[in-house]
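Single-structure report; data block below.
Nothing fancy with the numbering, it's 1 onward along the sequence. Only a predicted model underlies this, so the values are computations on that prediction, with no experimental measurement involved.
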Amino acid sequence: MNSPLLEVEDLRVRYGAVEAVHGVSFAVNAGEVTTLIGGNGAGKSSTLAAISGLVPAQGRIRFDGHDIAGTPPHAIVRAGVVQVPEGREMLSRMTVDENLLMGLRGRDRAELASAYERFPILRERRAVLAGTLSGGEQQMLAIARALLARPRLLLLDEPSLGLAPLVVKRVFETLTDLKAHGVTMLLVEQNALRALRLADRAYVMELGRIVMRGTGTELSRDESVARTYLGVT
């Protein structure tokens, strides 16, 4: 059995007077894919933001046995927790190549070869401004940039959002390949069926709380999950 790489205990996130995450607890095991599913406003993205240090939070966040709650975001990245944000957040006036160099954080640019091998379309567009790429190409660039940072835990916030069905298929093929290579992932995803098929472990969030948990297979077969999130009547 894999051991927890990330342990979140009694996590609370507030925006002013509004508490968006209410005492959430879960774990992510090394070498596995864990997914958070739920409707808009469930607190999924706020949970990822808290883990990444992007928003203040209360509770315990332990990564590889060390408490990272309150740690600056750049130090969390340096520790090995890297997020692919919702909306990709490309440096739009910089080229594909320049965006990828940001992921290297000063290491030898020869390492870019791994990104271009995984995503050949990026090699073809390497001199193009990132802001001119299609949504799917930007998502590939965001994932490639994150992988160049050598994540021990990859956080993905809605990687299929706004993409055409064929591009969504390509994104999940990429995530499946990463899983096969042992990349630990915490995935927030609106396409619940694809997320559950990929995940080893899954949690359902509603209104800032975890209301169900189990393996991806178990939750994909649960009638209430199927009705609410998978479009099964």
Taking it one step at a time, do Arg118 and Asp177 satisfy salt bridge (charged side-chain N to carboxylate O under 4.0 Å, His left out)? CA-CA 10 Å; Arg118 182 178 293 278; Asp177 181 64; 2.6 Å; yes
Out of curiosity, [X] [atom1] to [Y] [atom2], how far, rounded to the nearest 0.5 Å?
{"X": "Met94", "Y": "Leu100", "atom1": "CE", "atom2": "CG", "value": "10.0 Å"}
{"X": "Arg93", "Y": "Thr132", "atom1": "CZ", "atom2": "OG1", "value": "13.0 Å"}
{"X": "Glu86", "Y": "Glu189", "atom1": "CD", "atom2": "CD", "value": "10.0 Å"}
{"X": "Arg194", "Y": "Thr176", "atom1": "CZ", "atom2": "OG1", "value": "8.5 Å"}

For the side chain to side chain contact (heavy atoms under 4.5 Å, CB included) test, which of Leu112, Leu148, Val96 pairs with Leu101?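 It is Leu112; the other options fail the test.
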Basic-acidic side-chain contact under 4.0 Å: Arg60, Glu7: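 A salt bridge is absent here (no side-chain N lies under 4.0 Å from a carboxylate O).
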Do the non-hydrogen side-chain atoms of [X] and [Y] ever get within less than 4.5 Å of each other?
{"X": "Met205", "Y": "Ile37", "result": "no"}
{"X": "Leu198", "Y": "Lys179", "result": "yes"}
{"X": "Leu186", "Y": "Leu156", "result": "no"}
{"X": "Tyr116", "Y": "Arg126", "result": "yes"}
{"X": "Val84", "Y": "Gln139", "result": "yes"}
{"X": "Gln83", "Y": "Leu48", "result": "yes"}
{"X": "Leu196", "Y": "Arg221", "result": "no"}

Are [X] and [Y] linked, directly or through other ILVMFWY residues, by side chains that come within less than 4.5 angstrom of each other?
{"X": "Val81", "Y": "Tyr203", "result": "yes"}
{"X": "Ile61", "Y": "Val188", "result": "yes"}
{"X": "Leu155", "Y": "Leu11", "result": "yes"}
{"X": "Val183", "Y": "Leu175", "result": "yes"}
{"X": "Val82", "Y": "Leu36", "result": "no"}

Show every salt bridge (charged side-chain N to carboxylate O under 4.0 Å, His left out) that has at least one partner inside residues 130-143, sequence neighbours left out.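 Counting only pairs at least two positions apart or across chains, the salt bridge (charged side-chain N to carboxylate O under 4.0 Å, His left out) contacts touching residues 130-143 are Arg125-Glu137.
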Verdict with supporting geometry, Asp10 and Ser25, side-chain hydrogen bond (donor to acceptor under 3.5 Å, both in side chains): CA-CA 5 Å; Asp10 196 27; Ser25 299; 5.6 Å; no
[Y] and [X] side chains, donor-acceptor separation under 3.5 Å:
{"X": "Ser160", "Y": "Asn191", "value": "no"}
{"X": "Tyr15", "Y": "Ser46", "value": "yes"}
{"X": "Arg170", "Y": "Thr174", "value": "yes"}
{"X": "Asp97", "Y": "Thr95", "value": "no"}

Would you find a donor on one side and an acceptor on the other, under 3.5 Å apart, between the side chain of [X] and the backbone of [Y]?
{"X": "Ser92", "Y": "Gly131", "value": "no"}
{"X": "Gln138", "Y": "Ala130", "value": "yes"}
{"X": "Asp200", "Y": "Val33", "value": "yes"}

What is the minimum heavy-atom distance between Pro4 and Ala27, and which atoms define it?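 The pair with the smallest heavy-atom distance is CB-CB, 4.3 Å.
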Nearest atoms (heavy-atom pairs only) where Val13 meets Ala50: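 Closest pair (atom of Val13, atom of Ala50, distance): CG2-CB, 3.8 Å.
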Which residue pairs pass the ring-ring contact (aromatic ring centres under 6.0 Å, His included) test with at least one member in residues 37-75, sequence neighbours excluded?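 For residues 37-75: none.
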Working for salt bridge (charged side-chain N to carboxylate O under 4.0 Å, His left out), residues Arg201 and Glu218: CA-CA 9 Å; Arg201 185 153 296 277; Glu218 287 169 349; 5.6 Å; no
